[in-house]
Amino acid sequence: EASGEFVERACALLKERIAVLPEAGQQLREMLAYDLDAMLADERFKAYVDSGAIRDTAAIILQAKADGELDGVGVDGEVFKKLAGRICAERGSAKKKAQRRQLIAPMRLCLTSSDHGPELARFFAMLRHADGNVLCEVVPFEERLQALRKKFE
């Protein structure tokens with residue numbers, strides 16, 4: 001059986017996202033999936049790719065990791081707020097909420113390969129408890145960073 005902590009955290013995230021129990025498996029698989037190449041090829045995200053926003057954001061994320069700013073992922077709920085602040089500062093200050101969203105959206109795309117999903121801090125807190133008993137593909141945080149490094153460095 002899957003780890004108790006993973007199951008508890010997954011249930012908490014799924015409870016907010018599904019209407020009926022049969023949806024849980026598919027929703028969890030979608031949350032855990034990470035296909036960077038598919039995201040980069042997706043027409044919905046073409047503007048972020050063509051503008052360099054994905055590449056620039058990936059570079060900021062990788063530098064934040066090198067600087068030790070992502071060491072608390074999955075434990076410290078403030079990590080992603082600080083990362084978002086760094087991204088806004090380095091990519092351009094955003095005073096309006098809509099502008100800030102445009103600067104932050106590539107962060108979610110880089111880290112999850114999706115433009116929607118649960119709050120990043122809660123998602124990665126769940127993900128860090130995934131073990132060999134989880135019966136669907138799980139791409140840990142470090143592997144996601146390796147994929148970004150391979151693609152953009």
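- The pair Lys65-Glu142 meets the salt-bridge criterion, since a charged nitrogen lies less than 4.0 angstrom from a carboxylate oxygen.
- A donor-acceptor pair under 3.5 Å is formed between the side chain of Asp42 and the backbone N or O of Arg44.
- Partners of Asp76 under the side chain to side chain donor-acceptor pair (under 3.5 Å) rule, at least two apart in sequence or in another chain, do not exist in this structure.
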Step-by-step salt bridge (charged side-chain N to carboxylate O under 4.0 Å, His left out) determination, Glu78 to Lys81: CA-CA 5 Å; Glu78 296 296 308; Lys81 289 179 185 173; 3.5 Å; yes
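- No side-chain heavy atom of Thr57 sits less than 4.5 Å from a side-chain heavy atom of Leu109.
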Yes or no on side-chain contact (heavy atoms from CB on, under 4.5 Å) for Phe123 and Leu111, after CA distance, side-chain angles and deciding distance? CA-CA 11 Å; Phe123 172 73; Leu111 295 174; over 6 Å; no
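- Closest non-hydrogen pair, Leu120 versus Arg108, comes out as CD2-NH1, 3.8 Å.
- Taking every heavy atom of both residues into account, Arg144 and Val139 meet most closely at NE-O, 2.7 Å.
- Of all heavy-atom pairs between Val79 and Gly72, the closest is CG2-C, 3.6 Å.
- Of the inter-residue distances, the one linking Cys88 atom SG with Gln102 atom CD reads 11.0 Å to the nearest 0.5 angstrom.
- Annotation: side chain to side chain contact (heavy atoms under 4.5 Å, CB included) contacts of Val49 (sequence neighbours excluded): Leu40, Ile54.
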Walk me through it: do Asp67 and Arg86 pass the test side-chain contact (heavy atoms from CB on, under 4.5 Å)? CA-CA 12 Å; Asp67 294 345; Arg86 181 172 177 162; 3.0 Å; yes
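- Here the closest heavy-atom approach between residue Ser113 and residue Ala33 is recorded as OG-O, 4.1 Å.
- Shown here for Cys110 and Ala58, the closest heavy-atom pair between the two residues is SG-N, 3.9 Å.
- Side-chain contact between Lys151 and Asp37 is present, with at least one heavy-atom pair separated by less than 4.5 Å.
- Note that NZ of Lys150 is 14.5 Å distant from CG of Leu145, once rounded to the nearest 0.5 Å.
- In this view, Arg55 and Phe152 satisfy the side chain to side chain contact (heavy atoms under 4.5 Å, CB included) rule, not counting sequence neighbours.
- Side-chain polar atoms of Gln26 and Glu30 form a donor-acceptor pair below 3.5 angstrom.
- Residues Thr112 and Met31 have side chains not in contact (no heavy-atom distance under 4.5 Å, counting atoms from C-beta outward).
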Under the criterion side-chain contact (heavy atoms from CB on, under 4.5 Å), I'd like the reasoning laid out for Met126 against Glu8: C-alpha separation, chi angles, the key distance, then a yes or no. CA-CA 8 Å; Met126 174 200 65; Glu8 286 179 30; over 6 Å; no
Is there a side-chain contact (heavy atoms from CB on, under 4.5 Å) between Leu83 and Glu69? Walk through the geometry before answering. CA-CA 8 Å; Leu83 180 59; Glu69 294 175 14; 5.6 Å; no
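- Interatomic distance, Lys82 NZ to Ile87 CD1, rounded to the nearest 0.5 Å: 14.5 Å.
- For the residue pair Tyr34 and Glu143, no side-chain donor N or O sits within less than 3.5 Å of a side-chain acceptor on the partner.
- The minimum heavy-atom distance between Ala105 and Tyr48, with the atom names listed, is CB-OH, 3.3 Å.
- Rounding to the nearest 0.5 Å gives a distance of 13.5 Å between CZ of Phe45 and OG of Ser51.
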